[in-house]
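The chain is numbered in sequence order, starting from 1.
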Amino acid sequence: MQCIPNIGPRQRARRLRGGLFFAVVTLVIAVGLIQGEVPRGWRLLVAVPAAAAAIGFFQAREQTCVALARMGVRNMDGGNERVQDDSLLTQMRAQSRRVYLQTAAAVAVVPAVVLAL
């Protein structure tokens with residue numbers, strides 16, 4: 001299946017930077033929770049920044065903003081524009097679902113690792 005981008009290079013870079021920021025936040029929180037010997041249940045808190053990191057990374061990789069796909073628009077770095085072609089919109093929304101699934105898988109792994117440590 002061919003990728004139909006709904007975000008341009010600057011938008012992808014923005015999401016990648018957000019993903020990196022939240023990956024660092026996740027790491028800092030995880031280390032703090034583990035070294036602080038916080039009860040294991042509280043370690044699940046790493047899921048929140050991990051989700052933000054993952055969705056940023058996967059949106060950048062898939063060239064698909066899930067929010068824009070839901071609204072039926074794209075931003076190829078020149079501002080939002082409505083997607084008129086139904087087949088393109090269907091493909092973008094399928095890519096958006098893939099981003100959500102990838103994010104869910106990543107979010108399931110990160111807290112599990114932190115809980116195990």
Side-chain angles (χ1 to χ4, degrees):
M1 185 181 306
Q2 179 183 352
C3 176
I4 307 295
N6 78 344
I7 52 175
R10 287 193 315 254
Q11 295 295 317
R12 289 193 302 272
R14 185 173 160 212
R15 282 153 183 83
L16 184 58
R17 284 190 305 272
L20 289 170
F21 172 79
F22 281 106
V24 170
V25 169
T26 302
L27 183 61
V28 168
I29 290 172
V31 168
L33 291 170
I34 292 167
Q35 287 187 343
E37 297 181 10
V38 175
R40 290 192 185 278
W42 286 99
R43 294 182 189 183
L44 293 174
L45 289 174
V46 299
V48 175
I55 202 159
F57 289 137
F58 292 127
Q59 285 181 115
R61 187 179 74 186
E62 297 292 332
Q63 303 178 41
T64 303
C65 172
V66 296
L68 294 178
R70 183 176 51 250
M71 294 185 302
V73 299
R74 63 181 169 192
N75 184 337
M76 302 308 289
D77 296 331
N80 289 353
E81 56 187 54
R82 178 136 319 272
V83 176
Q84 302 295 332
D85 185 324
D86 286 338
S87 65
L88 291 179
L89 187 55
T90 298
Q91 176 63 25
M92 286 179 203
R93 288 184 173 154
Q95 291 167 195
S96 176
R97 285 188 296 277
R98 189 167 49 247
V99 168
Y100 280 127
L101 291 172
Q102 293 167 338
T103 298
V107 171
V109 169
V110 172
V113 169
V114 174
L115 283 172
L117 296 175

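Criterion: ILVMFWY side-chain heavy atoms under 4.5 Å apart, direct or through other members. Under it, L45 and V38 are part of a common hydrophobic cluster. Residues I34 and V25 fall within the same hydrophobic cluster, defined by Ile, Leu, Val, Met, Phe, Trp and Tyr side chains chained together at heavy-atom separations under 4.5 Å. A continuous path of hydrophobic side-chain contacts links V46 to V113 [ILVMFWY only; heavy atoms under 4.5 Å]. V28 and V114 are members of different hydrophobic clusters when ILVMFWY side chains are connected at heavy-atom separations under 4.5 Å. Side-chain heavy atoms closer than 4.5 Å link hydrophobic residues (I, L, V, M, F, W, Y) into clusters, and following such links, even through other members, never connects V107 to L117.
When every heavy atom of I7 is checked against every heavy atom of L68, the shortest pair comes out as CG2-CD1, 3.8 Å. The two residues L44 and P111 come nearest to each other via the heavy atoms CD2-CB, 3.9 Å. Heavy-atom minimum distance, Q91 versus I4: CG-CG1, 3.3 Å. I29 and P49 get closest at one heavy-atom pair: CD1-CG, 3.9 Å. The two residues V110 and A50 make their nearest non-hydrogen contact at CG1-CB, 3.9 Å. Here the shortest heavy-atom pairing between L33 and W42 reads CD1-O, 3.8 Å.
Of the listed residues (R15, Q95, R98), just one forms a side chain to side chain donor-acceptor pair (under 3.5 Å) with E62, and that residue is R98. Results of the side chain to side chain contact (heavy atoms under 4.5 Å, CB included) test with Q11 over N6, N75, L16 single out N75 as the only residue that passes.
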Step-by-step side-chain contact (heavy atoms from CB on, under 4.5 Å) determination, L20 to F57: CA-CA 8 Å; L20 289 170; F57 289 137; 3.8 Å; yes
Working for side-chain contact (heavy atoms from CB on, under 4.5 Å), residues T64 and F58: CA-CA 8 Å; T64 303; F58 292 127; over 6 Å; no
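The distance from atom CZ of R61 to atom CZ of R12, rounded to the nearest 0.5 Å, is 13.5 Å.
Checked by atom type and distance alone, the side chain of Q59 pairs as donor or acceptor with a backbone atom of V66 at under 3.5 Å.
Within 6.0 Å of CZ on F22 lie no more than 12 heavy atoms contributed by other residues, nucleotides or ligands. More than 12 non-hydrogen atoms from other residues, nucleotides or ligands lie less than 6.0 angstrom from CZ of R93.
A 4.5 Å side-chain heavy-atom check between M76 and P5 finds at least one atom pair inside the cut-off.
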